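Notes to accompany the following structure.
Small disclaimer: the values here were computed from a predicted structure and weren't measured.
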Amino acid sequence: MSDIDDDEISIFEDDPEEDERETSVIACAQDADAYDSPIYRLRLSYSEETFLAIYGGGSLAPGTMVVVPTRYGRDLAKVLGPLCCRRGSAIVQIERPAEQADLDRAETNRSLEDEAFQVFKEKAKAHRLDMKLVHVHYLLDEPKILFFFTAESRVDFRELVKDLVGIFKTRIELRQIGVRDEARIVSGLGICGRGCCCNAVSDKLKPVSIKMAKDQNLSFNSMKISGPCGRLLCCLSFEHGFYSEQVRLVPKVGSRIAYDNATWTVAEVNLLSGKVKLSDPGGRSITLDTGRFERVDNRWQIKG
């Protein structure tokens, strides 16, 4: 193999637990109201990441493909729509709407990505590297190929990169991502039957803890509170704020409350339906709205 210049090799190993990711920017403002042009949310199809951008050349309809600088390099992104809230985010400048030549180039690159995917797997196997390739992407106008992969631990892939550069004669960038990032890129259905939150709701992967499941009165059965990635469900984090607020407004299961000349025990609390079920020693049970409860002198009472 011929000599390889150092500047042809670009090696990146992202922290697999990295939760917050923002696009590299050419302009940044603490207050998005500083921009006169409309602000749009864009999505990268190959990594499912979203970021904000402005464009001064007129309005852009949702679904429009545009050429924009990204943290990986100059590339295509899809316009999701304009922002309603314009505060506190990093902004990039959209260069122009994509032309037919750009779309044709992207289509050609997709076939090249399929070939590169197979080459990578063969070379990784030859080097006996324990890594799982998730996605391959050719940048639109830059001589660079991105390889996204997962691995149990850090991988010494220097020899692999040299092989890939020798084959493709271009810059190679390897990015080690976590299993939650893999789920975001690959997508799929959650146990609820809807699209995975990391892809369908938000691409920003927030920390999730078992305490969130406890606060939501969920079973600690790992099969019920874990997503396809094997990690705790992202929705636990998205919904935690609601449960944290609502749980203060009702008594906990097991609490004793005097009502109707009897002492009742809270048997079940359903914050979503807004109902609390109580039972008494005689076997009677009643169900009341959560709004019927109030805390007086550190004790729960039932209004009316």
Backbone of L272 reached by a side-chain donor or acceptor of N270 within 3.5 Å
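Checking the backbone N and O of L272 against the side chain of N270, a donor-acceptor pair under 3.5 Å is found.
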Can a donor-acceptor pair be found, under 3.5 Å and without considering hydrogens, that links the side chain of E239 to the backbone of C234?
no
Distance, nearest 0.5 Å, that separates NE2 of H240 from NZ of K206
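Answer rounded to 0.5 Å: 12.0 Å.
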Hey, is [X] close enough to [Y] for a salt bridge, meaning N to O under 4.0 Å?
X    : Y    : result
E95  : R74  : yes
E48  : R43  : yes
D156 : R154 : no
D102 : R96  : yes
R175 : E173 : yes
E49  : R71  : yes
R110 : E107 : yes

Taking the side chain as every heavy atom from C-beta outward, state whether [X] and [Y] have any atom pair closer than 4.5 Å.
X    : Y    : answer
L249 : T290 : no
R256 : P251 : no
I145 : T170 : yes
I167 : V119 : yes
I94  : L60  : yes
I210 : I225 : yes
Y40  : L52  : no
R284 : W264 : yes

Please assess K162 against E159 for the test salt bridge (charged side-chain N to carboxylate O under 4.0 Å, His left out), listing each intermediate value before the final yes or no.
CA-CA 5 Å; K162 291 179 181 178; E159 294 303 318; 3.7 Å; yes
Verdict with supporting geometry, D163 and H127, side-chain contact (heavy atoms from CB on, under 4.5 Å)
CA-CA 10 Å; D163 280 358; H127 285 283; 2.6 Å; yes
Tell me the closest heavy-atom pair linking [X] and [Y], and the distance in Å.
X    : Y    : answer
V250 : V269 : CG2-CG1, 3.9 Å
P281 : T263 : CD-O, 3.5 Å
S187 : C196 : C-SG, 4.4 Å

Side chains of R41 and T50: is there a donor and an acceptor less than 3.5 Å apart?
yes
Please tell me whether E113 and H137 have a donor and an acceptor in their side chains that are separated by less than 3.5 angstrom.
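There is such a pair (donor and acceptor under 3.5 Å, judged by atom type) between the side chains of E113 and H137.
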Heavy atoms of other groups near D130 CG, more than 12 under 6.0 Å:
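Atom CG in D130 is not crowded, with 12 or fewer foreign heavy atoms closer than 6.0 Å.
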Does CD belonging to Q100 count more than 12 external heavy atoms closer than 6.0 Å?
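More than 12 heavy atoms, drawn from other residues, nucleotides or ligands, come within 6.0 Å of this atom.
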Give a yes or no on whether I191 and V201 share a hydrophobic cluster (residues Ile, Leu, Val, Met, Phe, Trp, Tyr; joining criterion: side-chain heavy atoms under 4.5 Å apart).
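Different clusters.
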Set out, in order, the CA-CA distance, both residues' side-chain angles and the distance that settles ring-ring contact (aromatic ring centres under 6.0 Å, His included) for Y46 and Y138, then state yes or no.
CA-CA 10 Å; Y46 53 91; Y138 276 70; over 10 Å; no
Classify the angle between the aromatic ring planes of F120 and F147 as parallel (below 30°), tilted (30 to 60°) or perpendicular (above 60°).
parallel
Distance-only donor-acceptor hits, side chain of residues 296-304, under 3.5 Å, sequence neighbours excluded:
{"from": "N298", "atom 1": "OD1", "to": "R295", "atom 2": "NE", "distance (Å)": "3.3"}
{"from": "N298", "atom 1": "OD1", "to": "R295", "atom 2": "NH2", "distance (Å)": "3.0"}
{"from": "K303", "atom 1": "NZ", "to": "G291", "atom 2": "O", "distance (Å)": "3.4"}

